[in-house]
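Down below is the structure, laid out as structure tokens.
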Amino acid sequence: MSFVSMPRPRRLRRTESLRRMVRETRLSPDDFIYPLFAVPGEGVKNEVVSMPGVYQMSVDQIARECEEVRALGIPAVILFGIPEHKDATGSGAWDDNGVVQQAVRAIKKTVPELTVITDVCLCEYTDHGHCGVIRDTRGEQQVDNDPTVQLLVKEAVSHARAGADIVAPSDMMDGRVAAIREGLDKGGFEQTPILSYSTKFASAYYGPFRDAADSTPQFGDRRSYQMDPANAREAVRETLIDLEEGADMVMVKPALAYLDILRAVREVCDVPLAAYNVSGEYAMVKAAARAGWIDGDRVMLETLLAMRRAGADLILTYHAKEAARLLA
Ligand code: PBG
Ligand code: ZN
């Protein structure tokens with residue numbers, strides 16, 4: 001019996017040099033978008049308990065942090081804001097002097113070449129913690145789609161006015177991408193792209209983020225607007241709708257438990273595709289690494305690589321800085 005004609009894939013795994021030559025997917029700091037949580041005040045830097053290494057920061061601290069982010073070769077950050085006061089409509093969201101707007105201006109002044117993305121949603125700004133305004137219909141409280149979209153437009157335009165390079169609606173209302181596009185164009189921001197959170201699932205993986213953003217819904221849950229984790233065909237449909245409405249980039253969120261969705265979305269569109277490596281995914285790696293149960297660095301890089309392999313061009317990740325350091 002001869003093995004001469006048998007395929008022998010191991011031939012190409014013998015040395016590190018060979019392995020590098022045949023590597024199909026690469027990770028680079030260029031792929032990362034680093035999330036930041038802006039809070040009012042000065043000199044504030046509070047670690048989020050469920051997310052070691054992640055902080056709520058005041059605007060001055062955020063500007064300093066962004067210099068470090070840039071120095072690590074990470075091209076972009078995404079900003080979330082926790083306002084001083086919350087109310088029923090989330091009016092802090094479109095305040096031109098709001099915490100995100102201030103942070104955008106400070107970053108663009110300190111590190112102008114860094115791309116600043118803003119998360120456009122109301123849940124951090126509403127006192128009830130939902131992503132839109134509530135309507136009470138015969139005792140049933142629902143997030144009211146169209147009035148919410150109008151407020152999201154105001155928020156997005158306010159972010160663009162502050163100098164945001166990209167706006168990223170994460171609310172999952174119907175029709176918001178088209179409305180935001182129209183609002184931006186009318187406001188003279190036809191060059192501002194929209195990164196749509198096009199497929200966002202109602203996920204338990206967002207738990208630690210809600211600590212960081214103080215945005216846990218005070219009643220009910222988000223299942224009437226975020227997607228059912230069971231649905232893949234619907235994820236494709238949501239993506240196609242947002243593209244039709246004018247999204248410049250799309251997203252799958254969460255990422256780790258939704259790699260099949262990333263692949264499916266990749267196959268139907270050619271715009272830049274982002275994966276959100278969410279707070280719960282980050283917390284699990286940190287907790288297991290702290291306990292000494294896994295090699296945190298290796299698991300982190302393997303996980304980020306998997307997201308790229310599944311089809312993501314970009315990854316929003318709390319690991320961005322540590323991963324960039326390891327890849328340097
Ligand atoms: C809010 C928003 C959420 C995240 C980003 N934007 C959470 C939510 O829907 O409660 C989650 C990010 C994360 O978990 O890291 N629209
Ligand atoms: Zn929200």
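We count ligands from 1, going down the list as the structure has it; atoms in each ligand are counted the same way.
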Task: Salt bridge flag under 4.0 Å for residues Lys200 and Asp171 - done: no
- [ ] Can you sort out the partners of Ser158 under side-chain hydrogen bond (donor to acceptor under 3.5 Å, both in side chains), two or more places apart, ordered by chain and number?
- [x] Asp96, Gln101
TODO: Applying salt bridge (charged side-chain N to carboxylate O under 4.0 Å, His left out), name anything that partners Asp185, two or more places apart in sequence or on another chain.
DONE: Arg181
Open item on the list: Can you tell me which portion of Tyr276 lies within the under-4.0 Å heavy-atom range of ligand 1? Options are side chain, backbone, both, or neither.
Closed with: side chain
Open item on the list: Closer than 2.8 Å to the Zn ion (ligand 2), what protein N/O/S atoms do you find?
Closed with: Cys121 SG, Cys123 SG, Cys131 SG
Open item on the list: Going by the rule salt bridge (charged side-chain N to carboxylate O under 4.0 Å, His left out), which residues pair with Glu16 if we only count those two or more places apart in sequence or in a different chain?
Closed with: Arg19, Arg23
Open item on the list: Under a 4.0 Å threshold between the charged nitrogen and the carboxylate oxygen, would Arg308 count as salt-bridged to Glu24?
Closed with: no
- [ ] Would you indicate which of His130, Arg210, Glu124, Glu281 comes nearest to atom 8 (C) of ligand 1 when only heavy atoms are counted?
- [x] Arg210
Open item on the list: Between the side chains of Glu65 and Lys321, is the shortest nitrogen-to-carboxylate-oxygen separation below 4.0 Å, so that they form an ion pair?
Closed with: yes
Open item on the list: Please determine whether a side-chain nitrogen of the Lys or Arg among Arg64 and Glu68 lies less than 4.0 Å from a carboxylate oxygen of the Asp or Glu.
Closed with: no
Open item on the list: Between the side chains of Asp31 and Arg26, is the shortest nitrogen-to-carboxylate-oxygen separation below 4.0 Å, so that they form an ion pair?
Closed with: no
Open item on the list: Below 4.0 Å, non-hydrogen atoms only: which portion of Ser279 touches ligand 1? Side chain, backbone, both or neither.
Closed with: both
TODO: Check each heavy atom of Asp171 against ligand 1 and say whether those closer than 4.0 Å belong to the side chain, the backbone, both or neither.
DONE: neither
